[in-house]
Q: 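Structure provided below as structure tokens; questions to follow.
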Amino acid sequence: MAELEEIRSSIDNIDAALVHMLAERFKCTKRVGRLKAENDMPPADPDRESSQITRLRELAIQADLDPAFAEKFLNFIIDEVIRHHEAIRS
């Protein structure tokens, strides 16, 4: 049971780090959204999104993580970013 608690503690720490990293990422993407709105650019950038998905899939493979899962995760984030950009624009 001690080993289980130790592993769970590590998971809790990783989850906290993920939340903080996502918060930092969204601070950056909100800045991008403001710049896009100021320069009359569309909220979505399909070319950038596609290259990011390709890049993340490659990183996932290198990290021994299912690339399909990594792509789903990034698509979820991209959808949220676009929603933020649309809100900033309006």
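Residues take their numbers from the sequence shown, with the count starting at 1. This one's a predicted model, so the numbers in the text were calculated from it and none came from an experiment.
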Q: Between atom NZ of Lys72 and atom CG of Asp66, what is the distance when rounded to the nearest 0.5 Å?
A: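 Output value for this atom pair is 7.5 Å.
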Q: To the nearest 0.5 angstrom, please state how far the CG atom of Leu65 sits from the CZ atom of Arg57.
A: 10.5 Å
Q: For a quick test of reading the model, state the closest non-hydrogen atom pair linking Pro67 to Ala60 and the distance between them.
A: CA-CB, 3.9 Å
Q: In terms of hydrophobic clusters joined by side-chain contacts under 4.5 Å, are Phe26 and Leu56 together?
A: no
Q: Do Phe73 and Val81 sit in one hydrophobic cluster, given that two such residues count as connected whenever their side-chain heavy atoms are within less than 4.5 Å of each other, even indirectly?
A: yes
Q: Counting N and O atoms only, with roles assigned by atom type, does the side chain of Ser50 sit under 3.5 Å from a partner on the main chain of Pro46, one being a donor and the other an acceptor?
A: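 Checked: no pair found.
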Q: Under 6.0 Å from the NZ atom of Lys36, do we count more than 12 heavy atoms belonging to anything else shown?
A: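 Buried by this count: over 12 neighbours within 6.0 Å.
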Q: So, for His85 and Val32, which heavy atoms are closest and what is the spacing to 0.1 Å?
A: CE1-CG1, 3.8 Å
Q: Find out whether Ile53 and Ile78 are in side-chain contact, i.e. whether some heavy atom of one side chain is under 4.5 Å from a heavy atom of the other.
A: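 A side-chain contact under 4.5 Å exists here.
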Q: Would you say that Glu58 contacts Ile61 through its side chain, given a criterion of any heavy-atom pair below 4.5 Å between the two side chains?
A: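 In short, these two side chains do not touch, never coming nearer than 4.5 Å.
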Q: Apply salt bridge (charged side-chain N to carboxylate O under 4.0 Å, His left out) to Arg89 and list each qualifying residue two or more places apart in sequence or on a separate chain.
A: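 Partners of Arg89 by the salt bridge (charged side-chain N to carboxylate O under 4.0 Å, His left out) criterion, ordered by chain and then number, come out as Asp40.
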Q: Taking NZ, NE, NH1 and NH2 as the nitrogens, is one of them in Glu86 or Arg83 under 4.0 Å from a carboxylate oxygen of the other?
A: no
Q: Side-chain donor-acceptor contacts of residues 2-25 below 3.5 Å, not counting sequence neighbours, with atom names and distances?
A:
unit_1, atom_1, unit_2, atom_2, d
Ser10, OG, Glu6, O, 3.4
Asn13, ND2, Ser9, O, 3.4
Glu24, OE2, Lys27, NZ, 3.0

